[in-house]
Amino acid sequence: MLESPEDNASTTSTVATSAPPEHGPGPVTADDLDRAVQLAVAALRGVPPTAWEAKAGPLEWDRWETVEHLSDDLFAYAAQLGPRVPPMSGEVPFVWASRRPGGPANAIHADHAAGPDGLLQVLEASGALLVAMVRTTPSSVRAHHGFGVADPEGFAAMGIVETLVHTHDLAEGLGVTWAPPADLCARVLARLFPDVPQDTDPWPTMLWATGRADLPGQARRTTWRWYGEPRA
């Protein structure tokens with residue numbers, strides 16, 4: 001699950017631009033999730049090898065641990081949709097464990113010997129598992145999440161917000177411009193954050209919704225959640 005800042009090298013590149021969506025938000029799809037993961041992987045390939053042990057933005061984890069956490073989230077969301085009868089009261093009981101006190105408790109850990117390229121391969125593979133599950137699971141299926149029993153679209157949206165916001169955490173301090181597409185952000189906000197303003201730029205609104213930025217006219221969030229239940 002996405003961690004809030006309270007819970008827990010220098011390159012310059014532009015990854016994506018944030019242009020206003022031409023149409024309404026529409027549903028969140030497997031293609032949207034794949035797009036988010038591929039944009040994140042492309043952005044993180046520019047991280048210098050010496051920068052992975054530095055803290056990820058406001059988090060208490062380093063950048064390597066944060067990518068492991070993101071990979072673990074994507075894997076866990078895919079796993080929730082996997083059983084013939086998905087769990088409705090808890091998570092599929094994998095063992096989650098931290099490698100150090102204060103580190104993220106994951107089922108997924110990358111082999112340090114594989115280096116940053118191996119770490120990003122773990123992220124891409126975990127994302128692909130969730131993409132496949134969202135693409136093939138009937139829309140009528142429901143599975144447990146702590147922020148509301150969700151359908152495949154909901155798990156796709158959760159995977160996207162995890163990917164976009166944690167890539168923001170990772171990019172902070174690296175000189176990397178990370179500005180995800182506005183249409184993608186708008187669909188996720190409409191699906192998971194029905195309580196946020198509808199007339200603001202979607203990407204800054206997502207950062208505000210997850211406690212990472214200010215939004216004009218709104219108090220800074222110190223606690224927050226999303227709503228995984230399918231929209232009526």
Side-chain angles (χ1 to χ4, degrees), residues 1-3 9 11 13-17 28-54 56-57 59 61-82 91-92 94 96-97 99 103-137 145 152-172 174 176-181 183-185 187-188 203 206 210:
M1 181 183 295
L2 184 66
E3 294 293 320
T11 59
S13 65
T14 299
V15 179
T17 58
V28 179
T29 68
D31 288 341
D32 287 332
L33 174 62
D34 183 61
R35 183 185 185 192
V37 172
Q38 292 305 319
L39 286 171
V41 169
L44 296 174
R45 288 206 189 282
V47 175
T50 56
W52 286 100
E53 294 182 2
L59 305 181
W61 306 328
D62 64 32
R63 292 189 176 104
W64 183 285
E65 290 173 328
T66 301
V67 173
E68 287 185 325
H69 164 78
L70 172 56
S71 302
D72 189 79
D73 281 334
L74 297 171
F75 164 79
Y77 295 162
Q80 287 299 95
L81 295 171
E91 297 173 337
V92 176
F94 291 95
W96 278 271
R99 283 182 162 174
N106 299 336
I108 299 297
H109 297 277
D111 183 357
H112 274 274
D117 286 345
L119 176 66
L120 295 180
Q121 192 172 57
V122 168
L123 173 57
E124 190 172 13
S126 297
L129 290 174
L130 182 54
V131 169
M133 291 306 302
V134 170
R135 204 183 299 282
T136 59
T137 302
H145 186 275
E153 182 194 10
F155 281 103
M158 294 179 214
I160 292 169
V161 72
E162 298 273 8
T163 300
L164 300 186
V165 172
H166 278 317
T167 302
H168 168 79
D169 296 334
L170 290 156
E172 193 170 317
L174 287 173
V176 172
T177 299
W178 173 245
D183 64 318
L184 182 62
C185 297
R187 286 193 286 279
V188 172
W203 174 231
M206 184 179 291
T210 57

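Here the closest heavy-atom approach between residue Pro152 and residue Leu81 is recorded as CA-CD1, 4.2 Å. When all heavy atoms of Trp96 and Ala107 are compared, the pair lying nearest together is CD1-N, 3.0 Å. Residue His145 comes nearest to Met158 through the heavy atom pair CD2-SD, 3.5 Å, listed as atom of the first residue, atom of the second, then distance.
Here the side chains of His69 and Leu59 are not in contact, with every heavy-atom distance at 4.5 Å or above. Between Trp61 and Glu68, the closest side-chain pair of non-hydrogen atoms is not below 4.5 Å. Cys185 has its side chain within reach of Leu164: a pair of non-hydrogen atoms, C-beta onward, lies under 4.5 Å apart. In this structure, Met206 and Pro180 have side chains that are not in contact, with every pair of non-hydrogen atoms separated by 4.5 Å or more.
In summary, Arg63 and Asp169 do not engage in a salt bridge, as defined by a charged side-chain N under 4.0 Å from a carboxylate O.
With rounding to the nearest 0.5 Å, the separation of CG in Leu33 from OH in Tyr77 is 11.0 Å. The distance from the CG atom of Asp183 to the CG atom of Asp32 is 7.5 Å, given to the nearest 0.5 Å. If you take CD1 on Ile160 and CG on Leu74, they are separated by 10.0 Å, rounding to the nearest 0.5 Å. Note that the CZ atom of Phe75 and the CG atom of Leu70 stand 14.0 Å from one another [nearest 0.5 Å]. In this structure, CD in Glu65 is found 12.5 Å from CG in Asp72, a value given to the nearest 0.5 Å.
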Distance-only criterion, 3.5 Å: show the donor-acceptor pairs between side-chain atoms of residues 120-134 and protein atoms not counting sequence neighbours.
| residue | atom | partner | partner atom | Å |
| --- | --- | --- | --- | --- |
| Glu124 | OE2 | Gln38 | NE2 | 3.1 |
| Ser126 | OG | Ser71 | O | 3.4 |
| Ser126 | OG | Val122 | O | 3.0 |

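Remark: Trp52 engages no residue in a ring-ring contact (aromatic ring centres under 6.0 Å, His included) (not counting sequence neighbours).
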Run the side chain to side chain donor-acceptor pair (under 3.5 Å) test on Trp64 and His112 for me, step by step, so that the C-alpha distance in whole Å, both residues' side-chain angles and the decisive distance to 0.1 Å come before the verdict.
CA-CA 9 Å; Trp64 183 285; His112 274 274; 3.3 Å; yes
